[in-house]
Structures are given as C-alpha cells and as structure tokens.
Novice: 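One structure follows; several queries about it will come next.
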Amino acid sequence: MNLLVLLGQLFFSFFSVGWVSFGGGQAILPIIQSVVVTNRGWLSTGEFVDLIAISQITPGPVAINTATFVGYRIAGVPGAVSATVGLVIPPVIVSSVLCLLMRRHRDTPVVAGMQAALKPALIALILYSAMVVAQVAFTGYATVLVAVAGLVVLLRSGLHPLWVIVASAGAGVLLGL
Amino acid sequence: MTNWVAWKRFRRNLPRVQSSRAMVREKPDAPAQPVSVPGLFISFFRIGAFTIGGGYAMVPLIGHELVEVRGWLREDAFEELLLVGQSAPGPIAVNTALLVGYRLAGIPGALAGVLGTITVPFTIILLIAAWFSDFFHLPAVASGLAGVRSVVVALMVLAAWRIFRRNHGVSTVIATGGFLAVLICTDLSPFLVVLGALLAGAAAGVFRGRR
C-alpha cells in the first residue's frame, strides 16, 4: 500500500513537471529540483547536484536520467519506471497535438509571442539552476578555477563537452577537491 | 599587387564554391533503406546509447542518422519535426524520436523511437543508482565528482549562452534579468515562471496582432 502511494507520488510529480518542461535538458532541471528537493524533500541539494553531474557523464537525455535516478532511490525499479513514464507522457501528448496544429498556426502572432517570451525565461531558469549548483560545487578557489577554465575551453574551442568533463574529473582527483 | 589580391580572392573563393556544390545532394529524396519498426528502434537505440550530454548533443546525430545514413527523411522534413520537438515541453531527443517515428511508421514507429532512445540511459542510470552509495564515497571518486560538479556550472552557463546567442538583443537581456530577479527574490516556483512567460508572450502576440 505504502509503495503504491509512493509510486503514485513519483508518477504525478514527474507528470506535472512534464507539462512545463520547455527547452529540454538543462532548462528542465530547475523545475525538477523545485519538486524533488524543495517540495518533496526526496533528495538533498548536494545529492541533486551530484545527480546532475552523473547525468552529464552517462548517455541519454539529462531529464530522463534524473527521473530514473530519483525514482529508483525512492521506490526501486518500479519507482524508476513510474517516474520516467510520468515525465514522458505529457511531452508525448503535447508534441502529438502540436504536430497537428503547428503547420496551420506556426505563423500566428500568439504562437510567435509565446516562443519569443519562452527564450528569456529558459535562459533565466538555466542561469538560476547554475547558481544553485555553484553554491554546492564551489567549495574553494580551485573549484571556481576548474569551472572558469572549463567555460573558456568550451566557448573558445569546439571541443566536445565529454572531454571537458573527463578533464575536470582528472583535475578533481589531481587537486584533491 | 592586383594580381596577388586577385589570387588571394581566388584562393578564398575556391573552397566556398566547392562546398556550395557539395551541398547539392547527389541522391536527393529517394529513401535509401526501407522503413521498418525494428530499424527505427535500432537507430534510436544507437543514438540513445552513444550520445553523452543530453538533448542538444543528440539532435545533430539524429539528423545524421535519419537523413544521411538511412535516407528516411529529407533535411527540411527533419527540420520541421525538430522545430515541433523543440517547441513542445519535454526532452528534445525524446520528442524528436516520437515525431520522427510517428511520421515514418505511425504509432508503432513512435513507440519504437521513444523506447529506443531511453532504453540504454534508463538501464545505466538504474545500475548507477543501485551502487551509488557504495561507489561514490570512495575518496578518488568523490574528488573526481567534485571536479565534474564545477564543470557542470560551466556547461549550464554555456547552454544559456547558446540560447542567448540565437536571440541576442537588449529586450532578451532585460527580460532574462527580470525572470532571474523573480526567481532569486521570490519563492515563486519555476512552474509559474514558465506559465507566466507563456501567458505574457501570448498576450503580447495578441496585442501585436491587433495593431
């Protein structure tokens, strides 16, 4: 019985996130965080930040990875399934409907206005999320240095983020962060 | 002198001419391989298994696989589906897999696309979650993870920068600052911020349409 309640909570938490998770990946994280860390208290901020780091190193969409991980931690494999399915259902419905509507309404001012307004909101969400991660991640000058060096490399060279992540893990071990 | 300038100009133009010629596809639209549901699953399984870094890293690979390798979709058809996939909420890779699968093979195709994309990531995360507490408290692993954590900040700033670069302008900066101030100063949930942005955008669109 208890397990069923937990599974229901997991499903509906991620189901509600699914409807507003515009922008994909990074932009979904603050919304997941507000549900999983702030509202439900399923993970601490530190655990959530570790989870983001893990999602970056493993293949697949970051939001799916996060849902799977949280679901497993709370209620084992059934939890992982219900959280992941919950997250995927709303986008499936919305993109099916959009696919039918888009061709006719793509150029209407309302759709254009909504798309234009979403962009700055997504940027703000991602930056806000970056600030939350930074509060946990930046424990000293060395960690800030790693982040700044990583950003410079990512912006200046076309290097794949994976190599920057691998290098940062190496730097973490070498510097004893 | 003029000769040298002309030669430089010639040199500069040479690769550009070649590349624009190369862009004219040799085999335009003919589907190279027959579309099948198992084939769709395998394609998206491969993309899901080998792409690290989430949605924006997966999209170019999906395009390459479907347009160039399999020849299932024309470039412009893929871009149209991609636009819908990005406008809808949800992971972009999953949305794109769904739409492409549906376009090519109906509902079974859509299922094959979505399941193919998430099977491997789902399994790997399950394994990590199962051994998380044992493994991640090893000192070396903890140090490595601390390094990755700081670079995650850099990755997020980069993601924000990428969206900004596509729509840079004073209005974007002001609106972003406004949303950021709301997020930092109030306890408003990100839900409401997204919904507020959608409503404000729709209202602005209606207003602009009336004028």
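Hydrogens, waters and symmetry mates are skipped; everything else that's a heavy atom, side chains included, is used.
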Novice: Would you mind telling me which of L87(A), L155(A), I165(A), L154(A) has the largest number of heavy-atom pairs within less than 4.5 Å of chain B?
Specialist: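 Maximum pair count with chain B is reached by L154(A).
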
Novice: Test side-chain contact (heavy atoms from CB on, under 4.5 Å) on R149(B) and D50(A) and set out the steps.
Specialist: CA-CA 7 Å; R149(B) 255 187 253 153; D50(A) 278 345; 2.7 Å; yes

Novice: With a 4.5 angstrom heavy-atom cut-off, is it the side chain or the backbone of I118(B) that approaches chain A, or both, or neither?
Specialist: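 Just the side chain, heavy atoms under 4.5 Å.
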
Novice: Specify which of A117(A), A137(A), A124(A), S129(A) makes the most heavy-atom pairs with chain B at under 4.5 Å.
Specialist: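 Option with the top pair count is A124(A).
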
Novice: Return the minimal non-hydrogen interatomic distance between V157(B) and A130(A), and the atom names on each side.
Specialist: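 Heavy atoms only, the tightest pair is CG2-CB, 4.5 Å.
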
Novice: Contact part of L155(B) toward chain A, heavy-atom cut-off under 4.5 Å: side chain, backbone, both or neither?
Specialist: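 It is both, since atoms from each part get that close.
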
Novice: Using heavy-atom distances under 4.5 Å, tell me whether V35(A) contacts chain B through its side chain, its backbone, both, or neither.
Specialist: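 For V35(A), side-chain heavy atoms alone lie under 4.5 Å from chain B.
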
Novice: Relative to chain B, which segment of T84(A) carries a heavy atom at a distance below 4.5 Å: side chain, backbone, both, or neither?
Specialist: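 For T84(A), the side chain is the part near chain B, not the backbone.
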
Novice: Picking from P89(B), A49(B), G201(B), which has the most non-hydrogen pairs under 4.5 angstrom with chain A?
Specialist: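 Among P89(B), A49(B), G201(B), the one with the most close pairs to chain A is P89(B).
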
Novice: Quick one: does S21(A)'s side chain have a donor or acceptor within less than 3.5 Å of a partner on G90(B)'s backbone?
Specialist: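 Checking the backbone N and O of G90(B) against the side chain of S21(A), a donor-acceptor pair under 3.5 Å is found.
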
Novice: Side chain, backbone, both or neither: which part of V88(A) has a non-hydrogen atom closer than 4.5 Å to chain B?
Specialist: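 For V88(A), the contact with chain B is made by the side chain alone.
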
Novice: Between F122(B) and A80(A), what is the shortest heavy-atom contact and its length?
Specialist: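 For F122(B) versus A80(A), the nearest heavy atoms are CE1-O, 3.7 Å.
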
Novice: Side chain, backbone, both or neither: which part of L158(B) has a heavy atom under 4.5 Å from chain A?
Specialist: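 Contact with chain A involves both backbone and side-chain atoms of L158(B).
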
Novice: Could you tell me which of A203(B), A202(B), A197(B) has the largest number of non-hydrogen atom pairs under 4.5 Å with chain A?
Specialist: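 Most heavy-atom pairs within the cutoff with chain A belong to A202(B).
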
Novice: Who among L151(A), T68(A), L175(A) has the most heavy-atom pairs with chain B under 4.5 Å?
Specialist: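 Among the listed options, the one with the most contacts to chain B is T68(A).
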
Novice: Given a strict heavy-atom distance threshold of 4.5 Å, which part of A116(A) is in contact with chain B: side chain, backbone, both, or neither?
Specialist: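 Contact with chain B involves no heavy atom of A116(A) at all.
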
Novice: Report which part of A171(A) has an atom under 4.5 Å of a heavy atom belonging to chain B: side chain, backbone, both, or neither.
Specialist: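 Contact with chain B is absent: no heavy atom of A171(A) under 4.5 Å.
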
Novice: Got M156(B) and V133(A) here, is their nearest side-chain heavy-atom distance under 4.5 Å?
Specialist: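 A side-chain contact exists here, since the closest heavy-atom pair is under 4.5 Å.
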
Novice: Using every non-hydrogen atom in the two residues, find where P121(B) and N65(A) come nearest and quote the distance to one decimal.
Specialist: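 Shortest heavy-atom separation between P121(B) and N65(A) comes out as CB-OD1, 3.5 Å.
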
Novice: Set out, in order, the CA-CA distance, both residues' side-chain angles and the distance that settles side-chain contact (heavy atoms from CB on, under 4.5 Å) for M131(A) and L183(B), then state yes or no.
Specialist: CA-CA 11 Å; M131(A) 286 167 58; L183(B) 281 166; over 6 Å; no

Novice: Minimum heavy-atom separation for P91(B) to A63(A), with atom names?
Specialist: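 In this case the closest contact between P91(B) and A63(A) is CG-CB, 4.2 Å.
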
Novice: Measuring only between side-chain heavy atoms, which start at C-beta, is I125(B) closer than 4.5 Å to Y72(A)?
Specialist: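 Contact flag for I125(B)/Y72(A) side chains = no.
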
Novice: Which atoms of A204(B) are under 4.5 Å from chain A, going by heavy atoms: the side chain, the backbone, both sets, or neither?
Specialist: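 When you check distances to chain A, no heavy atom of A204(B) falls under 4.5 Å.
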
Novice: Can you tell me which portion of L98(B) sits under 4.5 Å from chain A's heavy atoms? Options are side chain, backbone, both or neither.
Specialist: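 Contact with chain A involves the side chain of L98(B) alone.
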
Novice: Using a cut-off of under 4.5 Å on heavy-atom pairs, state which of L125(A), I52(A), V144(A), V136(A) scores highest against chain B.
Specialist: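 Most pairs with chain B among the choices: L125(A).
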
Novice: So how far is it from L145(B) CG to S168(A) OG, rounded to the nearest 0.5 Å?
Specialist: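 Answer for the CG-OG pair, L145(B) versus S168(A), is 9.5 Å.
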
Novice: Rounded to the nearest 0.5 Å, how far does CG of L127(A) lie from CH2 of W161(B)?
Specialist: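 One finds 11.5 Å between CH2 of W161(B) and CG of L127(A).
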
Novice: Could you check which of V94(B), T117(B), L126(B) has the highest count of heavy-atom pairs closer than 4.5 Å to chain A?
Specialist: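 Looking at each of V94(B), T117(B), L126(B) in turn, L126(B) comes out on top.
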
Novice: Who among I124(B), L195(B), N95(B) has the most heavy-atom pairs with chain A under 4.5 Å?
Specialist: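 Top count of heavy-atom pairs under 4.5 Å with chain A: N95(B).
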
Novice: Contact part of S16(A) toward chain B, heavy-atom cut-off under 4.5 Å: side chain, backbone, both or neither?
Specialist: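 For S16(A), the contact with chain B is made by backbone and side chain together.
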
Novice: Quick one: pull up CD1 in I123(A) and OG1 in T172(B) and give me the separation to the nearest 0.5 Å.
Specialist: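 Those atoms lie 6.5 Å apart.
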
Novice: Checking Y128(A) against chain B: side chain, backbone, both or neither under 4.5 Å from a heavy atom?
Specialist: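 When you check distances to chain B, atoms from both the backbone and side chain of Y128(A) fall under 4.5 Å.
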
Novice: Specify which of P139(B), G178(B), G147(B), S171(B) makes the most heavy-atom pairs with chain A at under 4.5 Å.
Specialist: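 It is G147(B).
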
Novice: Tell me, for S34(A) versus chain B, whether the close heavy atoms (under 4.5 Å) come from the side chain, the backbone, both or neither.
Specialist: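 For S34(A), the side chain is the part near chain B, not the backbone.
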
Novice: Given that the side chain runs from C-beta out, which part of Y102(B) has a heavy atom under 4.5 Å from chain A: side chain, backbone, both or neither?
Specialist: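 Neither part, no heavy atoms under 4.5 Å.
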
Novice: Need one label for V114(B): side chain, backbone, both or neither, based on atoms under 4.5 Å from any heavy atom in chain A.
Specialist: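 The side chain, not the backbone.
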
Novice: Give, as side chain, backbone, both or neither, the part of L199(B) having an atom under 4.5 angstrom from any heavy atom of chain A.
Specialist: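 Neither part.
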
Novice: In Å and rounded to the nearest 0.5 Å, what is the CG to CG distance from L99(B) to L98(A)?
Specialist: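 Spacing of CG (L99(B)) from CG (L98(A)) equals 8.5 Å.
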
